[in-house]
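Worksheet for the structure shown next.
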2 protein chains.
Amino acid sequence: MTRRAGDGVPPQEQVSGPHGDVDVPEAVRSRGRSRRNFAGARPVMGDVARLAGVSKQTVSRVLNDNPSVRPETREVVLTAMRTLGYRPSRSARSLASGRTRMLGVISFDAARFGPASILTAINSAAQDAGYLVSSIALDTADRATVVRAVDTLSAEGADGVIAIAPQRWVGRALAEARLDTPLMVLENDLGKDASFVTADNAAGARKATEHLLDLGHATVHHVAGPTGWLSADHRVAAWRTTLETAGAAVPEPLIGDWSADSGYELGRRLAADPDVTAVFASNDQMALGVLRALHESGRRVPDDVSVVGYDDIPEAAHLLPPLTTVRTDFPEIGTRSLRLLLSQLDGPPEPPVDRVVPVELIVRRSTGPAPSGRAPAAGHG
Amino acid sequence: MTRRAGDGVPPQEQVSGPHGDVDVPEAVRSRGRSRRNFAGARPVMGDVARLAGVSKQTVSRVLNDNPSVRPETREVVLTAMRTLGYRPSRSARSLASGRTRMLGVISFDAARFGPASILTAINSAAQDAGYLVSSIALDTADRATVVRAVDTLSAEGADGVIAIAPQRWVGRALAEARLDTPLMVLENDLGKDASFVTADNAAGARKATEHLLDLGHATVHHVAGPTGWLSADHRVAAWRTTLETAGAAVPEPLIGDWSADSGYELGRRLAADPDVTAVFASNDQMALGVLRALHESGRRVPDDVSVVGYDDIPEAAHLLPPLTTVRTDFPEIGTRSLRLLLSQLDGPPEPPVDRVVPVELIVRRSTGPAPSGRAPAAGHG
DNA sequence: CACCATGATGTTACCGGTAACTCACAGGCG
DNA sequence: CGCCTGTGAGTTACCGGTAACATCATGGTG
């Protein structure tokens with residue numbers, strides 16, 4: 001008897017008393033046994049059809065905007081739907097049509113700013129497109145878990161899946177989990193095995209590095225994210241290339257784990273080296289740690305050392321000093337990937353939209369000209 | 001013919017060609033016409049039954065752990081399922097059983113640290129319980145949107161709904177939206193109209209205020225969140241009560257909008273007043289703004305002014321100086337609410353679990369003894 | 001005016017499961 | 001030895017929609 005939750009709720013308890021079955025619990029119970037529905041039971045397509053004096057199929061046509069329904073008929077049906085407060089059942093619809101209008105999203109570290117922003121954007125955009133989003137947040141990061149998540153979503157009948165997969169191995173695991181629906185991978189690059197969308201990490205790192213070089217710093221030290229993270233690796237590569245192109249020395253990058261703690265640790269090392277005048281950290285948290293380490297060592301920012309972060313978290317503008325950083329348009333990543341996925345769902349793959357989202361350098365006060373005395377090309381651009 | 005995406009996918013093609021009906025359209029077409037399934041088609045319960053030599057119903061029983069299946073039979077069926085790689089269809093299951101095993105979550109500001117953490121926790125916990133989570137992220141905050149979201153989730157057949165509703169009016173809107181499934185409201189208080197879970201805002205504000213009073217500050221200034229936000233209002237009330245109880249003066253609270261910007265604005269006002277020695281901000285972002293304003297005015301923290309934040313965002317420990325703050329256990333809010341909701345789903349409401357999640361004061365370096373000369377009860381506690 | 005294309009709607013079967021009922025068979029009991 | 005009971009499995013109907021096909025006016029054409 002627990003068919004639909006709430007079916008048997010004592011009517012008087014239900015706040016605003018939507019169900020009119022005041023004292024006829026029998027009516028409720030008889031539902032499912034007799035063909036007729038009673039007030040209070042969720043109306044189904046047949047009820048609408050009966051009230052409108054048409055067949056079920058016509059109601060279905062109205063629901064799906066089928067053009068071959070006469071306008072007057074459509075109106076009658078719509079009125080009946082409104083009168084009854086009819087809502088189609090997604091389960092039934094999915095079962096019959098084979099499409100669930102449900103998208104799956106797999107994300108890692110979903111509480112962090114970047115992923116959370118992407119997730120939110122996907123959610124909003126999907127809602128606008130009439131899709132529901134089922135998300136699976138993964139914390140433990142082992143291969144089996146990833147495969148299982150994909151499997152779950154696939155079994156649930158997701159029409160498509162978006163995975164926010166910042167680590168390389170996750171991308172590979174995703175590629176292996178053979179999925180019978182379109183897959184879109186974010187912050188990763190599966191070659192031609194799947195569609196992907198990513199921020200332009202290379203450009204971001206290049207801009208940050210060039211900005212510091214332009215300020216006259218002899219070279220730029222780098223606090224990198226952990227190896228194996230696509231974004232970290234791409235940024236390291238671009239940072240290195242930029243330095244080489246400029247003919248600057250390439251110091252060994254210091255590898256952190258994205259946390260402010262690790263930034264602090266590494267920052268202390270950098271602070272101890274008087275030659276260090278410019279630091280580019282691969283995210284704002286680590287930059288924050290670096291700032292603190294520098295501060296504690298008595299090295300002033302930006303007078304003695306310039307610091308650039310990455311991501312532009314909301315706090316960045318108010319750090320001491322306000323942090324120069326590379327802004328990633330996370331929402332854009334989300335919406336763009338959703339658009340791409342949806343375009344895959346109906347019709348053949350569209351012409352390649354731009355899968356690389358541009359980034360922007362936000363200059364604030366944590367960067368400044370290299371301290372005089374060691375600037376080879378001080379203060380131009 | 002596009003019934004199920006990937007139905008006819010030749011296994012070897014899988015990845016890049018979603019609709020692989022290249023040259024075996026007959027096989028694909030015959031599906032749904034003939035009773036037999038072909039390799040590549042998603043196996044259904046009937047296939048398992050045939051392979052296992054039992055009836056569909058028996059397979060269903062195995063699937064649902066029905067005790068009246070002989071162990072040997074169960075084994076045979078399970079083997080058949082494994083062989084075929086069978087996964088039950090959620091749509092069909094929902095349609096027949098009336099339960100979707102899907103939970104809806106409505107959230108505001110889902111990219112912010114608190115909501116995102118709660119969301120993630122709910123997600124993980126739901127997954128463990130075998131539920132899928134469909135989330136709707138709301139940005140525009142008008143009543144109609146809220147009602148529509150609830151409506152959507154309800155129509156989608158969610159077995160239950162959790163709403164992260166930090167503002168009072170949202171709670172009311174939720175209560176009005178007639179919902180035929182259990183509703184759980186977070187960070188809000190609907191009286192007895194719905195279940196809720198919330199952090200202990202009063203205790204947090206009290207702890208923060210007492211901490212500052214104990215340090216010898218004559219009184220504590222408050223940078224509040226916007227009126228109408230439950231947490232903001234509760235914190236203001238508790239802050240006021242605590243001051244009154246201690247016999248301290250109660251300055252007019254300054255009202256911000258949670259952003260660091262607003263904290264900065266208000267912080268400048270506070271910095272200009274030499275009587276201000278202790279500030280309690282209703283979240284860490286605003287505290288950050290206050291810190292910056294104080295810094296720019298040359299007032300040292302904590303020597304001249306002590307600052308306490310709220311939330312303990314990951315960055316708090318590395319601000320300059322590291323921020324004393326009240327830690328809210330967001331994940332706990334998420335998991336607890338999920339537990340409560342699930343317990344409502346099966347069986348009658350359980351004895352009231354504790355719906356108020358405790359908070360913890362994290363003392364770091366942004367607070368210190370009141371500057372000498374004006375401390376009425378300096379340095380005990 | 002018969003003929004066929006067309007548009008609007010109804011009929012029937014089916015999607016993939018579950019609920020309720022039925023049935024065959026074994027053992028306990030009078 | 002016949003009847004009752006209970007266990008394990010099968011049958012049938014049904015959930016609420018959609019697809020494919022059938023039906024039936026209507027109207028333009030030759």
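Both backbone and side-chain heavy atoms feed into the values below; hydrogens, waters and symmetry mates do not. Letters go in sequence order (proteins before strands), and every chain restarts at 1.
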May I ask you to test the A:Leu103-A:Asp159 pair for a side-chain heavy-atom distance under 4.5 Å? yes

Of B:Gln57 and A:Lys56, the one whose nearest nucleotide on DNA chain C sits closer to the 5' end is A:Lys56

Let me spell it out: for each of A:Val59 and B:Arg74, pick the nucleotide of DNA chain D with the closest heavy atom. Which residue's pick is nearer the 5' end? B:Arg74

Does A:Ser89 put a side-chain nitrogen or oxygen below 4.0 Å from OP1 or OP2 of D:dG16? no

CG of A:Leu63 versus P of D:dA19: gap in Å, rounded? 11 Å

Heavy-atom nearest pair, B:Ser337 first then B:Ile162, reads OG-CD1, 4.0 Å

Please check the phosphate of D:dA9 (OP1 and OP2 only) for any side-chain N or O of B:Thr58 closer than 4.0 Å. no

Could you check how far CZ of A:Arg42 sits from C1' of D:dG17, rounded to whole Å? 12 Å

Residue A:Val69, side-chain heavy atoms: nucleotide from C:dC15, C:dT9, C:dG17 that is nearest: C:dT9

Whole angstrom is fine here: how far is it from CZ in A:Arg50 over to P in C:dG10? 14 Å

Interatomic distance, CG@B:Leu338 vs CG@B:Leu340, rounded to 0.5 Å, equals 9.0 Å

note: B:Leu95, atom CG; C:dG17, atom P; distance rounded to Å ~ 12 Å

Short side-chain N/O contact from B:Ser60 to OP1 or OP2 of C:dG17, under 4.0 Å: no

Could you state the CZ-P distance from A:Arg101 to D:dT18, rounded to the nearest angstrom? 12 Å

Whole angstrom is fine here: how far is it from CE in B:Met45 over to P in D:dC14? 20 Å

Does the side chain of A:Thr73 get closer than 4.0 angstrom to OP1 or OP2 of C:dT9 through an N or O atom? yes

Nearest to side-chain heavy atoms of A:Ala92, which nucleotide of D:dT11, D:dG17, C:dG10: D:dG17

If you take atom types as modelled and just measure distance, does the side chain of B:Arg61 reach the base of D:dG10 with a donor-acceptor pair under 3.5 Å? yes

Determine whether A:Arg87 and B:Asp151 make a side-chain contact, defined as any pair of heavy atoms from C-beta on separated by less than 4.5 Å. yes

B:Arg70 side-chain N/O to D:dT7 phosphate OP1/OP2 under 4.0 Å: no

Of the listed nucleotides D:dT18, D:dG17, C:dG17, the one nearest the side chain of A:Tyr86: D:dG17

Are the side chains of A:Gln127 and A:Asn123 in touch, meaning some heavy atoms are under 4.5 Å apart? no

Find the distance A:Arg99:CZ to D:dG17:P and express it as a whole number of Å. 18 Å

Under 4.0 Å: is that the gap between some side-chain N or O of A:Ser55 and OP1 or OP2 of C:dG10? yes

Check the distance between C:dA20's P and B:Asn66's CG and give it to me in whole angstrom. 12 Å

